[in-house]
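One structure below.
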Amino acid sequence: MTSPTPGQQLLAAIKQTARAGETGLVLPVGRPLAAVVRPIATVPGHIDAVDAQLLTDWRNRHVKSFLTEFVSTPERTAAWLAGAVHQNPGKMLFMVETLDGERVGHVGLGFIDWQRGYGEADAIVSGGASPPGLMKASLLVLMRWARDALGLQTLAVRVRSDNPAVEFYRKVGFQEFQRVPIVASTVPGGVDWTEDPQAVDAPASLVYMQLHLPRA
């Protein structure tokens, strides 16, 4: 059995100790300081109700940006945080907060392959109230931390081609290296989009992009 990497152990410890209303890890954003990025609590029974409500509202607002389209609720979001996020050793979400405590968006990591040193920016959503450039700066802070503290030397992102965020990621520094057609299927309560390399007339693609992050 492969031993956990130091980065994997660190991320697991941060997830396990993050609690609603308690001070934990914070990553500073901006010079001068403009905001912080802090873990979103996922421990069952310790999830922040405000976080869950905001994640729900923002997801519903941007539902067409996701590969799974459905109407979310705070209860469903809390269950997702405690289950799919908390139990996944390669996934974590972080809230972006301004210095006055306003929560303006979230950024995240996903699809981590610890042995390969590979990870992706995941669940990047702006709440719509963030100052210009803040989400870009927050994502870059998280990506540098993922590289330097977690040991993820290859950082990428995947995004729907019909999502305006493609241009956002280009501005951050991601460069496209692959597109795979995606097709929609109706499922109970929503729509799922899945990759189909043979779908030549697909309405959209999944765009894969890699970040070229210069050393400080």
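Values in this document were obtained by computation on a predicted structure and should not be read as measured data. The basis for the numbers below is simple: all heavy atoms, side chains too, and nothing from hydrogens, waters or symmetry mates.
Closest approach of Asp48 to Gly21, counting heavy atoms only: OD2-N, 4.4 Å. The shortest heavy-atom contact between Ala41 and His46 is CB-O, 3.4 Å. Considering all non-hydrogen atoms of both residues, Val180 and Tyr208 come closest at CG2-CE1, 4.0 Å. Annotation for Val183 and Ala202: closest pair CG1-CB, 4.3 Å, computed over non-hydrogen atoms. When every heavy atom of Trp193 is checked against every heavy atom of Phe66, the shortest pair comes out as CD1-O, 4.2 Å. Of all the heavy atoms in Arg160 and Lys64, the pair that sits closest is CZ-O, 2.9 Å.
One distance of note links CG of Asp51 with CD1 of Ile40; it measures 5.0 Å at 0.5 Å rounding. Note: Leu93 CG to Leu81 CG = 7.0 Å, rounded to the nearest 0.5 Å. Here the CG-CZ distance, from Asn163 to Phe168, works out to 10.5 Å after rounding to the nearest 0.5 Å. Atoms CD and CG, on Gln16 and Leu11 in that order, are 11.5 Å from each other to the nearest 0.5 Å. With rounding to the nearest 0.5 Å, the separation of CE in Met92 from CD1 in Ile14 is 5.5 Å. Rounding to the nearest 0.5 Å gives a distance of 11.0 Å between CZ of Arg116 and CG of Leu152.
For residues 5-29, there are no ring pair (Phe, Tyr, Trp, His ring centres under 6.0 Å) pairs, not counting sequence neighbours.
Residues Met95 and Met135 are members of separate hydrophobic clusters, defined by side-chain heavy-atom contacts under 4.5 angstrom among Ile, Leu, Val, Met, Phe, Trp and Tyr. Taken together through direct or relayed side-chain contacts under 4.5 Å among Ile, Leu, Val, Met, Phe, Trp and Tyr, Val50 and Val96 form parts of separate hydrophobic clusters. No path of Ile, Leu, Val, Met, Phe, Trp and Tyr side chains, each step under 4.5 Å between heavy atoms, connects Phe111 with Leu142, placing them in separate hydrophobic clusters. Criterion: ILVMFWY side-chain heavy atoms under 4.5 Å apart, direct or through other members. Under it, Leu27 and Leu155 are part of a common hydrophobic cluster. Tracing side-chain contacts under 4.5 Å through hydrophobic residues (I, L, V, M, F, W, Y), one never reaches Leu67 starting from Trp80; they form parts of separate clusters.
Remark: Asp57 pairs with Gln53 by the side-chain hydrogen bond (donor to acceptor under 3.5 Å, both in side chains) rule, at least two apart or across chains.
Taking the centre and axis of the six-membered ring of Tyr169, the NZ or CZ atom of Arg158 falls outside the cone set by 45° and 6.0 Å.
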**Message:** Set out, in order, the CA-CA distance, both residues' side-chain angles and the distance that settles side chain to side chain contact (heavy atoms under 4.5 Å, CB included) for Leu150 and Trp145, then state yes or no.
**Reply:** CA-CA 7 Å; Leu150 301 183; Trp145 180 78; 3.6 Å; yes

**Message:** With side chain to side chain contact (heavy atoms under 4.5 Å, CB included) as the criterion, how do Asp122 and Lys91 come out once you've worked through the C-alpha distance, each side chain's angles and the decisive distance to 0.1 Å?
**Reply:** CA-CA 8 Å; Asp122 186 40; Lys91 188 178 184 69; 2.3 Å; yes

**Asked** Under the side chain to side chain contact (heavy atoms under 4.5 Å, CB included) criterion, do Val43 and His86 qualify, and how do the steps go?
**Response** CA-CA 7 Å; Val43 176; His86 188 69; 3.6 Å; yes

**Request:** With side chain to side chain contact (heavy atoms under 4.5 Å, CB included) as the test, would you mind laying out the steps for Glu102 and Glu97 before giving the verdict?
**Result:** CA-CA 5 Å; Glu102 184 179 4; Glu97 290 189 6; over 6 Å; no

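Within the 3.5 Å criterion, the main-chain N or O of Ala123 finds a donor-acceptor partner in the side chain of His106. Under a 3.5 Å cut-off, the side chain of Lys171 and the backbone N or O of Lys136 do not form any donor-acceptor pair. Side-chain atoms of Lys15 come within 3.5 Å of backbone atoms of Asn88 as a donor-acceptor pair (strictly under, hydrogens ignored). Under the 3.5 Å distance criterion, the side-chain polar atoms of Asp192 are left unmatched by any main-chain donor or acceptor of Ser185. In this structure a side-chain-to-backbone donor-acceptor pair under 3.5 Å is present from Trp114 to Pro89. Counting only distance, with no hydrogens or angles, the side chain of Arg76 and the backbone of Thr56 share no donor-acceptor pair below 3.5 Å.
At a threshold of 4.5 Å between non-hydrogen side-chain atoms, the residues Ile124 and Val157 do not count as touching. Using a 4.5 Å cut-off on side-chain heavy atoms (C-beta onward), Arg59 and Thr77 make no contact.
Taking a 6.0 Å sphere around CG of Asp201, one finds it holds 12 or fewer heavy atoms contributed by other residues, nucleotides or ligands.
Across Leu213, Leu139, Val159, a single residue satisfies side chain to side chain contact (heavy atoms under 4.5 Å, CB included) together with Phe174, and that is Leu139.
Under the 3.5 Å distance criterion, with hydrogens and angles disregarded, a donor-acceptor pair is assigned to the side chains of Tyr118 and Glu120.
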